[in-house]
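Heads up, the thing below is written out as structure tokens.
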Amino acid sequence: MDNNSLRKNASAAFRDDVLEIFSSSSRVDQEDDEEALKWAALEKLPTFDRLRKALVLGSRGDLNEVDVQNLGFEQRKKLIERLVNVVKEDNEKFLSKLKNRIERVGIELPTIEVRFEHLNVETEVHVGKRALPSFKNFYINILEGFLTYFHIIPTRKKHISILQDVSGILKPGRMTLLLGPPSSGKTTLLLALAGKLDPALKFSGNVIYNGHSMKEFVPQRTAAYIGQYDVHIGELTVRETLAFSARCQGVGSNYEMLMELLRREKQANIMPDPDVDMYMKILGLEACADTMVGDQMIRGISGGQRKRVTTGEMLVGPSKALFMDEISTGLDSSTTFQVVNSIRQFVHILEGTALISLLQPEPEMYDLFDDIILISEGQIVYQGPRENVFEFFQSMGFKCPERKGAANFLQEVTSKKDQQQYWASHDKPYRYITIKEFAQAFKSFGIGRKLSAELAIPFDKSKSHPAALATGKYGVSRKELLKACAARELLLMKRNSFVYIFRIIRLRLIGFIAMTIFFRTKIHHDLNGGHMLGGALYYTVTTIIFGGFSDIAMTIQKLPVFYKQRDFFFYPAWAYGLLFWIVKIPAQAIEVASFVALTYYIIGYDPNVGKLFKQYLIFLFELQVASAIFRLVAAIGRNIITANTYGFFVLLITLSISGYVLSRDNVKKWWLWGYWSSMMMYAENAVLVNEFTGHNWRHISSKTNIAIGAEVVKSRGYFSYAYWYWIGLGALFGMILLYNSCYILALTYLNPLRKPQAVLPEDYTGNENEIDVLAEDNERNNQNRNNGVILPFEPHSITFDEIKYSVDMPQEMKDRGATEDRLVLLNGVSGAFRPRVLTALMGVSGAGKTTLMDVLAGRKTGGYIEGNITISGYPKKQETFARISGYCEQNDIHSPYVTVYESLLFSAWLRLPSDVNSKTKRMFIEKVMDLVELTPLRGGLVGLPGISGLSPEQRKRLTIAVELVANPSILIVHGRANIRTVRNTVDTGRTVVCTIHQPSIDIFESFDELFLMKRGGQEKYVGPLGRHSCNLIQYFEGIEGVTKIRDSYNPATWMLEVTSSAQETRDKALISDLSRPRPGTGDLHFPTEYSQPLLIQCVACLWKHYWSYWRNPPYTAVKILYTAFISLVVGSMFWDLGSKKDTEQDIFNAMGSMYASVFLLGMQTSISVQPVVAVERMVSHRERAAGMYSTLPLAFGQVLTEIPYLFAQTAIYGTIVYAMIGFEWTAKKFMWYTYFMFFSLSYFTFYGMMVVAMSPNQQVASIISSAILSLWNLFSGFVIPRPRTPIWWRWFHWV
């Protein structure tokens, strides 16, 4: 860190410090000068001393120099609190100061008013089972799409309306909250206003910015849509991410305004602030400016900081209007509050325009907004000032209860299920008020009439600031865009240097193996020796091609960020694609050089230096072509499974008709185009000619009277003329240009693949309340049946006394001076959770909530646990505790390709006692679905988090339901949960404990007891809440120095704000009482380890994996389709060659067909199965911890589910290829051919599964498997026959 940044960071942290030691005081110009002088003196100190010194404000406002190490405990505590709060205060001060300076010199801020009138958005979708992705629907959709395109049959999709006649105004300087239940049209409205609506949707209406339609400016650079998920390059720091955004967008008019501000300040002799161009101040990102953003593989900044980086990317550009969609996804309430508060300061002070949708904002967050838009069923129920929203609903007869969160009330008052509880007109009988009635009433309400009057008067275009709307497609020149992209790619290469070093090591390792096999002492300069050397060159050429295959994964990994930045016009696709290719050339040159330098002389190639350089040039060009092709495949596939399938098809074509596997003379005329377009043919021919025209191969053969080298080349069907080297080199150069150009075109014109739609009921017509009606009808129809389903369970309490949990002291902490051997995470925690008592577990981040949950649930497999845990008075045993408990983990991990109902059925099948019959289980599942409000989603696919299927809130409900169908006595819920669900659960007599983060008043007071933890893994308050939290308030207000709670203030927020040095409270008598067994009870005991016998476990796992595969068409359906297509390709390539046995080349061609069949199709199955197994492995960790099954049924289910698809592949491939190649038609030989094909595909597939099971993650599995498969290729017997293999490597043929 440089001195200036250190000084600025320290200055920001220590300025205006707290209480007696660092009392706040306003700065004046003289103090600024004095502080600057003192900082300058400090910077002259030696480095170590300078790092320990700082300037702080004393009690009288004077600047004092202090040694940070000499601060006392209380001083350090105050300092830390100051550092935590500095972001909020500094942001507001910085922006206010900036606004004052702008006004002082007379600069007008550009602002945007967004109007939308009569917006209608409609679409057509499949409903019911037809909407589910499945093996059958995959083929039906292809056929139906073809027939409807030619109007042979009418479409079977149903018409639904997403937005209906939506109108409104978003004004500058005001922040608007968009509220609405799930599937109400919030995301569609945000996308429509930001100009990013899917073109496949039918759209009508007008969106106007400052009186201009969207065709008159570039909406993508004027407005920014910020989605639920943050898409960034993890290897870049926060500063680099924002700097790249600013560099590409030209920083926009914000930067131009700042530059103009500096110019005018100088003219007016006003001293400018040196921090004015630090836009990170706006979002409080200074503290993490030089920290990597991070991703799944790289540890980086927090979720809240990542959300602010996403926002900052847009703020540094020309965007004046922000449309933010569910930005609380993945964040706790306090972090979301910080993000929203940062945006609020920006909007209010710099007069931005913001529309933000949130699912369940807490009261404190709700109060940050100026206006509210409430939308339901695609219609606007209310739009106007926050202060008037209750007035509107009171006019409709509804009132928000005193201690009810306003946002929760607004979202529930329009719901058919919740509306009645808010009815306040007791003089009138209640009836359900529909959304249409609300929308009509709002138009006649005062705020609604005022809004209509404003919309009737067009915006005066002359009042629009010239810099408000972006009219240029890109912010800077082409040259600057190229420089920005080049700088970023070079930086990413540096950060990912391990990948490139690993590729070099991998190639050198393969080179080492190759040179020990094709050792020069084993190669004689005759025809056999030439064939062996040709095998070495062929293996090298194929190895180089496989080296380019990794570009598929690298390209797809970066595509989400590319699509986002391309659509926001950061840069054109050609600038990204061109630099993505060019900057990697030096690394690839080193990669190839390391291989050639290692193998060339040891294998025994021609010792001429010119030949060495020419061989190196061919291999370099070949790697360039391979990388370009696989980048193109990735850009077209856009999905790792699909792209891998396309990639293996390219490999098959390239290798099969390159002239080595199938000689040129035997290539059918309909495949000659493939031969002449194969990069491998040109590379192989060029290196063969380069080698066999050398001095060692010029002696004349006595049999053919031509040079031995030429005879070797011709015997393989290649061209033997020396000029073919230059033809090959020129062809490869042309392919480099061609495929990179196609790659850039694919980036330019192709869009991200669409996400799967939600599954709607069969008779759904577009009215969201119809789902509620259907659910209620279903509930009424099954009410008598379900209410009778009461599975017996024994209530249990759980107590824990003086629990200590510690881990071995991390090495980095020892390096920093820690002397202890263990790091304590829980320090003497005691408590008790009882039946029918709903307990809230709360605490600040780092208090140990998750650790305590994991220890109690038995999910901690490492570390050291001390203390006593009892279940109803008996010592806890994990094997029995798993049978009577349910643990809802923070991460909602489920099998993605089964439906909600199937997930619950699987859990109930394996966790309920074996004496519960199937009918009772299904009825109990229905009852649980009603309890957690999942009945409308029963047929919906679970999906992958953030990609498809259920929303985060729906996934949490499914997690709870999966545990409830096990009929547990104790339920532990981690993460945000539906309070009505857990309240209903505890009322059945169970023991329930939930973690919550800063809840609203009504949610907080739905709990009976509170277990509050503080930093250091200790409890702070354990006891009952009382009515309106009276017990909690009484306890904390009784502590000296604690401020009294304000009227109507949230007790949960107040409780976390007040600081207390009082010792923790706990009811030792209760713990002692519950730790003793009740008379007449016995210890928990089950006759078997699992609820179901091994056979039932195997059947259940097979059932689940059957549906998981059936509903995963990108894997199963594409695999079968690919097999059929490859069968026709291979059959047509080797057409009727099986009947030819006259020459050695004929036999070699027949062997080549088998080699292509076994190796290339096998590789494709091996690689494509890995992502599927990796996902299911994550799910199995949770299911096995819950005691559902052992490892054998899991493996049994996965292996057996693969077999029908392997049979189908074998039947399709074996029959088509055997017939087309023309092998001998006898039943015996055909059955043997089919037998070997089936088991070859099987061992490739099961090998892929095994590697994933043995590896820590899928990325490592992919690297290991590709290296091993490369060796399988070498030792397959085709590249080098086993008898010609050196004796020290022959064992590997059998392996």
Side-chain angles (χ1 to χ4, degrees), residues 793-805 825-843 847-860 865-878 880-888 963 968-974 982-983 985-996 1004-1014 1016-1026 1029 1031-1032 1035 1055 1063-1084:
F793 71 92
E794 185 178 346
H796 287 287
S797 62
I798 178 171
T799 62
F800 45 100
D801 192 20
E802 296 297 332
I803 294 295
K804 289 187 178 181
Y805 176 74
L825 301 178
L826 292 178
N827 192 3
V829 181
S830 302
F833 303 138
R834 295 168 290 159
R836 292 192 178 275
V837 176
L838 182 57
T839 306
L841 177 60
M842 293 185 68
K849 301 185 295 297
T850 303
T851 305
L852 177 61
M853 289 275 206
D854 288 342
V855 168
L856 294 180
R859 299 296 170 91
K860 286 293 184 188
I865 301 174
E866 303 172 38
N868 299 314
I869 303 176
T870 60
I871 307 299
S872 294
Y874 293 93
K876 174 184 170 248
K877 298 175 184 174
Q878 184 57 33
T880 55
F881 180 74
R883 297 280 290 273
I884 58 103
S885 66
Y887 183 36
C888 304
E963 299 302 323
S969 301
I970 299 170
L971 183 65
I972 303 174
V973 183
H974 198 323
V982 292
R983 185 75 258 177
T985 303
V986 81
D987 289 343
T988 60
R990 290 173 169 82
T991 301
V992 181
V993 56
C994 297
T995 56
I996 52 175
F1004 181 66
E1005 293 182 347
S1006 297
F1007 288 85
D1008 304 308
E1009 291 191 351
L1010 173 67
F1011 193 101
L1012 178 63
M1013 297 186 70
K1014 63 181 179 181
Q1018 296 175 298
E1019 70 267 36
K1020 188 173 180 179
Y1021 175 86
V1022 180
L1025 285 175
S1029 306
N1031 291 3
L1032 174 76
Y1035 167 74
M1055 168 192 72
Q1063 58 275 62
E1064 57 275 2
T1065 174
R1066 63 175 80 162
D1067 193 342
K1068 277 290 189 180
L1070 175 66
I1071 297 171
S1072 176
D1073 182 51
L1074 292 176
S1075 297
R1076 292 192 296 268
R1078 296 191 305 275
T1081 62
D1083 197 358
L1084 285 170

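It should be emphasised that the depicted structure is a prediction, and the values quoted were computed from it without experimental measurement. Just so you know, residue 1 is the first one in the sequence shown, and it goes up from there.
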Flag, side chain of [X] to backbone of [Y], donor-acceptor distance under 3.5 Å:
X      : Y      : value
Lys876 : Leu856 : yes
Lys849 : Thr995 : no
Ser885 : Ile970 : no
Arg990 : Pro835 : no
Gln878 : Ala857 : yes

Verify whether the ring centers belonging to Phe1011 and Tyr1021 lie closer than 6.0 Å.
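No; Tyr1021 has its ring centre 6.0 Å or more from that of Phe1011.
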
On a heavy-atom basis, which atom in [X] and which in [Y] lie closest, and how many Å separate them?
X       : Y       : answer
Asp1008 : Arg836  : OD2-O, 3.9 Å
Leu838  : Cys994  : CD1-SG, 4.4 Å
Leu971  : Cys888  : CD1-SG, 4.0 Å
Glu802  : Ser830  : N-OG, 2.8 Å
Ala840  : Ile996  : CB-CD1, 3.7 Å
Lys1014 : Glu1019 : CE-O, 4.3 Å

Would you say the side chains of [X] and [Y] form a donor-acceptor pair under 3.5 Å?
X       : Y       : result
Gln1018 : Lys1020 : no
Glu794  : Ser969  : no
Asp854  : Tyr887  : yes
His974  : Thr850  : yes

For Thr799, which residues count as a side chain to side chain contact (heavy atoms under 4.5 Å, CB included) partner, sequence neighbours excluded?
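Side chain to side chain contact (heavy atoms under 4.5 Å, CB included) list for Thr799, sorted by chain: Ala832, Thr870, Leu1074, Ser1075.
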
Sole candidate of Thr851, Asn868, Val855 that passes side chain to side chain contact (heavy atoms under 4.5 Å, CB included) when paired with Ile803
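Looking at Thr851, Asn868, Val855, the match for Ile803 under the side chain to side chain contact (heavy atoms under 4.5 Å, CB included) is Val855.
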
Check whether any side-chain heavy atom of Val982 sits under 4.5 Å from a side-chain heavy atom of Val986, and report yes or no.
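They are not in contact (no side-chain heavy atoms under 4.5 Å apart), so the answer is no.
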
List in chain and number order the residues that pass side chain to side chain donor-acceptor pair (under 3.5 Å) with Lys804, two or more places apart in sequence or in another chain; answer none if no residue qualifies.
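In terms of side chain to side chain donor-acceptor pair (under 3.5 Å), with neighbours along the sequence ignored, Lys804 is linked to no residue.
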
Could you tell me the separation between the CD1 atom of Ile798 and the CD1 atom of Ile871, rounded to the nearest 0.5 Å?
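Atom-to-atom, Ile798:CD1 and Ile871:CD1 are 4.0 Å apart.
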
Report the distance from atom CZ of Phe833 to atom OG1 of Thr991, rounding to the nearest 0.5 Å.
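The distance works out to 10.0 Å.
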
